[in-house]
Amino acid sequence: MADLVETELLLLGLNALHEELGGKMVPFAGYLMPVQYPDGVMKEHLHTRAAAGLFDVSHMGQVILRPKGSMEALKLAFEALMPVDVLGLAEGRQRYGLFTNDQGGILDDLMFTNRGDHLYVVVNAACKAADIAHMTAGMPRVSVEPVTDRALLALQGPGAEAALEALLPGIAAMRFMDHRVVGDIWVSRSGYTGEDGFEISVPDAQAEGFARKLLAQQGVAPIGLGARDSLRLEAGLCLYGHDIDTTISPVEANLTWAIQKARKTGGAREGGFSGAARILRELAEGPERLRVGLRPEGRAPMREGVELFAPDGTPVGRVTSGGFGPSVNAPIAMGYVARAHVTKGTALLGEVRGKRLPVTVCDLPFHPTTYNR
Amino acid sequence: MKYTKDHEWLRVEGDLVVVGITEHAATQLGDVVFVELPEPDTMVAEGDEVCVIESVKAASDILAPVDGEIVAVNQKLVDNPGLVNEDPTGTAWFFKMKLDDLGVLDQLMDEDEYQELIG
């Protein structure tokens with residue numbers, strides 16, 4: 001039975017390298033992924049913040065969008081799927097995007113890059129089949145081309161620039177959210193840890209050699225999914241399927257920064273995206289609930305699913321991601337709270353194993369970000 | 001030392017039994033960040049959830065390995081949960097129990113049987 005289950009999981013191109021490095025392999029989004037290496041989650045997390053961490057995120061979906069007509073028509077078609085300014089994104093730049101449904105809920109979050117004569121998109125692993133179907137159906141005049149012969153590596157932390165510069169001279173000049181094509185290698189200065197760093201798309205045939213060269217650089221260590229999760233939580237970043245889903249709008253998710261002026265009421269291309277009625281209304285009137293940071297007062301972590309209450313016992317919300325923040329050295333969480341309780345400093349209670357423990361609404365992120373803006 | 005299938009160790013100390021988790025369990029849990037201990041002077045039955053132990057990854061319970069009375073708890077673990085990873089079979093004991101009959105320990109695994117269990 002165990003064998004049957006394992007053969008259904010997809011193996012990463014770098015699977016042998018992960019095993020050689022002592023990775024503890026677990027199923028995640030249909031893939032067998034390293035959740036941690038022998039150092040463990042805590043050390044891997046702290047190492048990424050102090051030096052550089054190498055993550056294999058090849059499970060994520062890489063997609064090329066090529067126009068059948070003009071690039072402008074492609075960008076406008078993409079704008080119909082997201083409350084985001086695609087037309088205004090300069091060539092060689094990357095931007096955060098969100099697919100919304102007709103009710104204004106979030107189908108997935110993603111990164112997209114303007115590469116001149118096409119767009120390059122990176123979506124979540126668990127959503128990639130649905131995203132490809134959604135883009136294909138929603139953009140008939142666009143060729144939606146899944147990229148299936150490339151690994152995706154993330155190199156994150158203060159040592160990332162020097163380590164990658166040694167392999168790809170010149171990349172140090174890139175700023176946060178810049179994108180460059182260096183021969184066969186596609187480099188974005190972005191990531192999911194709150195640190196400066198890069199996401200690097202490498203052809204499968206070169207991936208293992210490239211990863212080994214990065215691991216040979218000063219301060220670079222392999223980092224598993226466990227630390228990836230604690231790093232993104234400290235950085236206040238959403239995990240799809242947990243902090244955002246089809247019922248939650250971008251405004252409720254506190255992602256209004258991702259909705260540029262051009263798509264808001266009064267903007268050059270206002271509305272015209274799925275779920276615009278709800279999203280524009282919430283932008284004007286404020287959402288009923290909002291994603292906030294939460295700091296438990298004691299040492300007990302408040303994990304996903306913990307119910308939140310006002311001091312008078314009224315239910316006010318729920319934790320969507322929570323755990324221990326190694327750099328904060330304390331439990332941290334995020335969740336949704338009714339609008340009357342979202343102000344920083346508001347005292348709430350979180351129910352952990354039947355006990356209601358104090359927790360305070362706080363700003364995100366928990367750990368300062370160090371993007372190379 | 002005696003062992004349970006839930007990866008606890010038990011060591012007789014005078015007329016008390018000291019209980020902790022094995023090195024194997026500590027490694028599997030990963031970095032421990034929070035420990036919640038029972039109140040001392042509590043009667044427990046085998047299988048009762050008596051402690052909570054949380055690692056960076058997840059929360060787990062520690063079950064009472066046998067019937068008896070918890071007479072002491074290791075407050076050091078609350079202040080320094082990482083001790084569970086550093087010294088699981090020594091200073092990181094969780095609680096001490098008083099048993100009616102120490103003979104019940106004979107039903108538990110010995111070192112060899114436990115090593116076989118964890119392969």
Side-chain angles (χ1 to χ4, degrees), chain A residues 2 22-26 28 33-49 223-234 296-306 319 321-333 350-355 357 359 366, chain B residues 5-7 21-40 42 44-45 47-64 70 73-89 91-92 94-95 116-119:
Chain A
K24 185 176 169 190
M25 307 303 285
V26 301
F28 181 83
M33 303 279 297
V35 67
Q36 64 172 75
Y37 297 89
D39 274 349
V41 177
M42 190 91 87
K43 280 193 187 133
E44 291 173 27
H45 176 118
L46 295 171
H47 181 89
T48 304
R49 296 248 187 265
I223 310 295
L225 283 180
R228 183 168 160 85
D229 190 52
S230 56
L231 287 159
R232 70 90 198 167
L233 178 59
E234 281 187 345
E297 219 166 83
R299 299 295 291 178
M302 293 188 184
R303 298 184 191 269
E304 182 177 3
V306 163
V319 170
S321 276
F324 185 82
S327 301
V328 177
N329 192 25
I332 53 173
E351 189 166 303
V352 180
R353 294 179 284 272
K355 280 184 237 161
L357 305 174
V359 56
F366 298 99
Chain B
K5 62 174 172 36
D6 299 312
H7 309 286
I21 67 167
T22 65
E23 186 146 6
H24 172 76
T27 305
Q28 291 298 312
L29 281 169
D31 307 294
V32 174
V33 295
F34 175 76
V35 171
E36 189 175 275
L37 297 167
E39 293 292 321
T42 310
V44 295
D48 284 357
E49 295 166 3
V50 287
C51 303
V52 176
I53 179 165
E54 298 221 24
S55 70
V56 181
K57 287 179 276 182
S60 329
D61 295 309
I62 293 183
L63 310 179
I70 290 175
V73 297
N74 187 358
Q75 203 59 37
K76 271 189 201 151
L77 300 186
V78 174
D79 305 328
N80 180 15
L83 206 57
V84 178
N85 300 105
E86 288 160 28
D87 191 16
T89 52
T91 50
F94 276 73
F95 50 86
E116 198 173 316
L117 175 80
I118 62 175

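Letters A, B, ... mirror the listed sequences (proteins, then strands); counts begin at 1. Because the structure is predicted, anything quoted here is derived from the model rather than measured.
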> Could you walk me through whether Glu49(B) and Arg353(A) pass the side chain to side chain contact (heavy atoms under 4.5 Å, CB included) check?
Replying inline: CA-CA 11 Å; Glu49(B) 295 166 3; Arg353(A) 294 179 284 272; over 6 Å; no
> Does atom NZ of Lys43(A) have more than 12 heavy-atom neighbours, drawn from other residues, nucleotides or ligands, at distances under 6.0 Å?
Replying inline: no
> Is chain A contacted by the side chain of Val78(B), its backbone, both, or neither, given a heavy-atom distance below 4.5 Å?
Replying inline: neither
>> With a 4.5 angstrom heavy-atom cut-off, is it the side chain or the backbone of Thr27(B) that approaches chain A, or both, or neither?
In response: neither
> Once you round to the nearest 0.5 Å, how far does CG of Asp31(B) lie from NE2 of His45(A)?
Replying inline: 11.5 Å
>> Ignoring hydrogens, what is the shortest heavy-atom contact between Arg303(A) and Ala59(B)? Give both atom names and the distance.
In response: NE-N, 3.9 Å
> With a cut-off of 6.0 Å (strictly less than), are more than 12 heavy atoms of other residues, nucleotides or ligands near CD of Gln28(B)?
Replying inline: yes
>> Please rank Gly30(B), Ser55(B), Ala58(B) by heavy-atom pairs under 4.5 Å with chain A and give me the top one.
In response: Ala58(B)
> Is any side-chain heavy atom of Glu36(B) less than 4.5 Å from a side-chain heavy atom of Arg299(A)?
Replying inline: no
